[in-house]
A.B. asks: 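Got a structure for you, questions after.
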Amino acid sequence: MNAVIDPRLRRSAVLTVAERLRKQGWSGGPLHAVGLPDGTKVTLQNVLLAAALEAGLQEIPTLTHHPDEPLPLFMARDFVLVRPIRELADGSCVVGGRAGEVLFRRGRRAATYGEAALFRAVGQADIPDGAPVPFPWTAAMSTGEKPDMREGRK
């Protein structure tokens, strides 16, 4: 389950992974990111990205996914929503709160890469209840009413 991690533990993890990257370089698969319609990319692996930057890597292999691309089942267990997400009357989305309609209920597993990025982002402890989601997300991204971004995939 997606747990909130103490920032000191996260920093320790970043430094540990950065040291390994400095010694061994990048190994394994690419960093997974989600390309949003506005051109923003959101990573699913923040600790790994922070470690690569800390290690001074000049290139980070990245695989950018469309928000509605299905998330493999083996990855879905790592992206469980810890607070509900609501859609307000103006179409914007907020974390928790009481206003608006529930778009995603607490405990839901991500089914797409876009949902995985969203669920990971709203799980941050420093986001207050009722705050806007931390990146440009709209309910349309959950209903298939998205612009075609397939050309921008890497």
A.B. asks: Taking Thr112 for its side chain and Pro67 for its backbone only, find out whether a donor-acceptor pair lies under 3.5 Å.
C.D. replies: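 Yes, the answer is positive, given that a donor and an acceptor are paired below the 3.5 Å cut-off.
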A.B. asks: Quick one: pull up CG in Leu44 and NE2 in His65 and give me the separation to the nearest 0.5 Å.
C.D. replies: 7.0 Å
A.B. asks: Shortest non-hydrogen contact from Gly96 to Asp129?
C.D. replies: CA-OD1, 3.2 Å
A.B. asks: Taking only residues two or more places apart in sequence, or in another chain, which ones meet Pro134 in a side-chain contact (heavy atoms from CB on, under 4.5 Å)?
C.D. replies: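 With sequence neighbours excluded, Pro134 shows a side-chain contact (heavy atoms from CB on, under 4.5 Å) to Ala121, Val122, Gln124, Ile127, given in chain and number order.
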A.B. asks: The criterion is salt bridge (Lys or Arg N to Asp or Glu O under 4.0 Å); which residues satisfy it with Arg108, sequence neighbours excluded?
C.D. replies: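 Arg108 satisfies salt bridge (Lys or Arg N to Asp or Glu O under 4.0 Å) with Glu115 once adjacent residues are dropped.
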A.B. asks: According to the side chain to side chain donor-acceptor pair (under 3.5 Å) rule, which pairs have a member within residues 96-105, sequence neighbours left out?
C.D. replies: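 Every pair satisfying side chain to side chain donor-acceptor pair (under 3.5 Å) with a residue in residues 96-105: there are none.
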A.B. asks: Looking at every heavy atom in both Ala33 and Thr62, which two are closest together, and how far apart are they?
C.D. replies: CB-CG2, 4.0 Å
A.B. asks: Please identify each residue that fulfils side chain to side chain donor-acceptor pair (under 3.5 Å) with Asp126, with sequence neighbours left out.
C.D. replies: none
A.B. asks: Could you check if a side-chain atom of Cys93 sits within less than 4.5 angstrom of a side-chain atom of Val133, using non-hydrogen atoms only?
C.D. replies: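 Yes - at least one pair of side-chain heavy atoms lies under 4.5 Å apart.
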A.B. asks: Say you draw a straight line from NE2 of His32 to CD of Glu69; how long is it, rounded to the nearest 0.5 Å?
C.D. replies: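 The NE2 atom of His32 sits 9.5 Å away from the CD atom of Glu69.
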A.B. asks: Which hydrophobic side chains are connected to Val17, either touching it within the sub-4.5 Å cutoff or through other members that do?
C.D. replies: Leu21, Trp26, Leu31, Leu48, Leu49, Leu53, Leu57, Ile60
A.B. asks: Could you pull out the closest heavy-atom pair between Lys41 and Gly35, with the gap in Å?
C.D. replies: CG-CA, 4.4 Å
A.B. asks: Sub-3.5 Å donor-acceptor pair from the side chain of Arg86 to the main-chain atoms of Gly97, do we have one?
C.D. replies: yes
A.B. asks: Determine whether a donor-acceptor pair (N or O, by modelled atom type, separation under 3.5 Å) exists between the side chain of Arg83 and the backbone of Val95.
C.D. replies: no
A.B. asks: Specify whether Phe104 and Phe119 have parallel, tilted or perpendicular ring planes, treating 30° as the upper limit for parallel and 60° as the lower limit for perpendicular.
C.D. replies: perpendicular
A.B. asks: By side-chain contact (heavy atoms from CB on, under 4.5 Å), which residues pair with Pro72, not counting sequence neighbours?
C.D. replies: Phe74, Met75, Tyr113
A.B. asks: Under the rule for side-chain contact (heavy atoms from CB on, under 4.5 Å), what residues qualify as partners of Arg22, not counting sequence neighbours?
C.D. replies: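 Here the qualifying residues are Ala18, Glu19, Glu54, Ala55.
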A.B. asks: Can you see which heavy atom on Val14 is nearest to which on Ala51, and at what distance?
C.D. replies: O-CB, 3.5 Å
A.B. asks: Assess whether side-chain contact (heavy atoms from CB on, under 4.5 Å) is satisfied between Phe79 and Arg109, documenting all intermediate values.
C.D. replies: CA-CA 6 Å; Phe79 299 96; Arg109 277 183 207 261; over 6 Å; no
A.B. asks: Could you work out the complete set of other residues in the hydrophobic cluster of Leu88, with links drawn between I, L, V, M, F, W and Y side chains under 4.5 Å apart?
C.D. replies: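 In the cluster with Leu88 are Val94.
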A.B. asks: How far apart are the closest heavy atoms of Ala76 and Ala110, and which atoms are they?
C.D. replies: CB-O, 3.6 Å
